[in-house]
Amino acid sequence: MQAVSISLPDWINELVDWQRRYLNDDDKMALAIELSRQNVLRGTGGPFGSAIFEADSGKLISVGVNRVMPLSNSSAHGEMVAIMLAEQAVQSFSLAADGVKRELFTSCEPCAMCLGGTLWSGVKRLVCAATAEDARAIGFDEGPVFEPSYQYLRDAGVEVVRLVQRDAAAAVLKQYMQDGGTIYNG
């Protein structure tokens, strides 16, 4: 039997307070950015972090960090890892199936794959920090993502918020480049 396993680094549970309620965008984004920072500092993947919350309660459902290199899996982006783990946690292929509004916070605007995953996941809100241009500036290819891509999400009922704590998230990307981090799709 063939199988694929998606796992988070061991340090995640040291960093993440699973009982905490995150009640505003700044606190939620701070977690996503800190996940990206720690992933770089600890050498456990690329400079991208994400978290999925219940919008109304602030309950943290899942987190994700980029695991492309350690898992030898080009789809193991922070957003995709968070989405897969959230769907597993709620036992559904749709994060909207039970009527609970969920939101995805990500340290950088999604690449083409993750933007599609966001749409299909059922989250009702996407909040981004650094821009695709910030990722491209250090060598990552974010694929065919355009302003109409974000409008498509909005038309499908997904609220999109961008540039929340951009400077802090962009600093993680720059640190990754300065430290010689691998640009695996450049």
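Because its NZ or CZ atom is not both nearer than 6.0 Å to the ring centre of Tyr152 and within 45° of the ring axis, Arg154 does not count as a cation-pi partner of that residue. Geometrically, Arg162 engages Tyr150 in a cation-pi contact, judged by NZ or CZ lying under 6.0 Å from the ring centre and within 45° of the ring axis. The side-chain tip of Lys28 does not point at the ring of Tyr22 from less than 6.0 angstrom away and within 45° of straight on.
The environment of Met113 atom CE is dense: over 12 non-hydrogen atoms of other residues, nucleotides or ligands sit within 6.0 angstrom. The local environment of CD in Gln19 is sparse, with at most 12 non-hydrogen atoms from other residues, nucleotides or ligands closer than 6.0 Å. Counting heavy-atom neighbours within 6.0 Å of Glu159 CD, excluding the residue itself, gives a total above 12. Atom CG of Asp155 is surrounded by more than 12 heavy atoms from other residues, nucleotides or ligands within 6.0 Å.
A heavy-atom distance below 4.5 Å is not found between the side chains of Glu87 and Ser92. Between Val90 and Leu95, some side-chain heavy-atom pair lies under the 4.5 Å cut-off. Taking the side chain as every heavy atom from C-beta outward, Pro9 and Arg67 approach each other to under 4.5 Å. Here the side chains of Val160 and Gln151 are not in contact, with every heavy-atom distance at 4.5 Å or above. The shortest side-chain heavy-atom distance between Ile33 and Arg37 falls under the 4.5 Å cut-off. Using a 4.5 Å heavy-atom threshold, the side chains of Pro110 and Cys128 count as touching. In this structure the side chain of Leu31 reaches within 4.5 angstrom of the side chain of Leu60, judged on heavy atoms. Considering only heavy atoms from C-beta on, Glu133 comes within 4.5 Å of Glu109 through its side chain.
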Verdict with reasoning, Leu104 to Thr118, per side chain to side chain contact (heavy atoms under 4.5 Å, CB included): CA-CA 8 Å; Leu104 169 62; Thr118 298; 3.5 Å; yes

Arg125/Asp25 under salt bridge (charged side-chain N to carboxylate O under 4.0 Å, His left out): CA gap, chis, key distance, verdict: CA-CA 11 Å; Arg125 189 165 184 249; Asp25 285 359; 2.7 Å; yes

From CA spacing to verdict: side chain to side chain contact (heavy atoms under 4.5 Å, CB included), Val65, Phe48: CA-CA 6 Å; Val65 292; Phe48 305 100; over 6 Å; no

Working for side-chain hydrogen bond (donor to acceptor under 3.5 Å, both in side chains), residues Tyr184 and Asn66: CA-CA 11 Å; Tyr184 47 81; Asn66 180 282; 2.7 Å; yes

Steps toward side chain to side chain contact (heavy atoms under 4.5 Å, CB included) verdict (Val172, Asn39): CA-CA 10 Å; Val172 175; Asn39 210 36; over 6 Å; no

Working for side chain to side chain contact (heavy atoms under 4.5 Å, CB included), residues Val161 and Leu126: CA-CA 6 Å; Val161 179; Leu126 169 65; over 6 Å; no

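With values rounded to the nearest 0.5 angstrom, Ser74 atom OG is found 10.5 Å from Met80 atom CE. Taking NZ of Lys101 as the reference point, atom CD of Glu54 lies at 12.5 Å (rounded to 0.5 Å). Put simply, CG on Leu85 and OG on Ser50 are 11.0 Å apart, with the number rounded to the nearest 0.5 Å.
Looking at Asp56 and Arg102, no side-chain N of the basic residue comes within less than 4.0 Å of a carboxylate O on the acidic one, giving no salt bridge. Under a 4.0 Å N-O distance rule, the pair Arg42/Glu14 qualifies as a salt bridge.
Of all heavy-atom pairs spanning Ala156 and Leu119, the tightest one is CB-CD1, 3.6 Å. When all heavy atoms of Val164 and Asp26 are compared, the closest pair comes out as CG1-OD1, 4.1 Å. Across all non-hydrogen atoms, the minimal contact from Ala129 to Ser107 is CB-O, 3.3 Å. For the pair Thr44 and Trp11, the tightest heavy-atom approach, listed with the atom from each and the gap, is OG1-NE1, 3.0 Å. The shortest heavy-atom contact between Leu8 and Ile12 is CB-CG1, 3.7 Å. Scanning all heavy atoms of the two residues, the minimum distance from Glu79 to Cys108 falls at OE2-O, 3.5 Å.
Cluster membership check: Phe146 does not share its hydrophobic cluster with Val158, using side-chain heavy-atom separations under 4.5 Å among Ile, Leu, Val, Met, Phe, Trp and Tyr. In the hydrophobic clustering of ILVMFWY residues, with side-chain heavy atoms under 4.5 Å counting as a link, Val145 and Ile83 come out together. In the hydrophobic cluster analysis, where Ile, Leu, Val, Met, Phe, Trp and Tyr join through side-chain heavy atoms closer than 4.5 angstrom, Leu15 is grouped together with Val40. Using a 4.5 Å cut-off between side-chain heavy atoms of Ile, Leu, Val, Met, Phe, Trp and Tyr, with links allowed through other members, Val100 and Met84 fall into different hydrophobic clusters. Grouping the Ile, Leu, Val, Met, Phe, Trp and Tyr side chains by contacts below 4.5 angstrom, directly or via other members, places Trp18 with Met29.
For the residue pair Thr131 and Asp134, a side-chain donor N or O sits within less than 3.5 Å of a side-chain acceptor on the partner.
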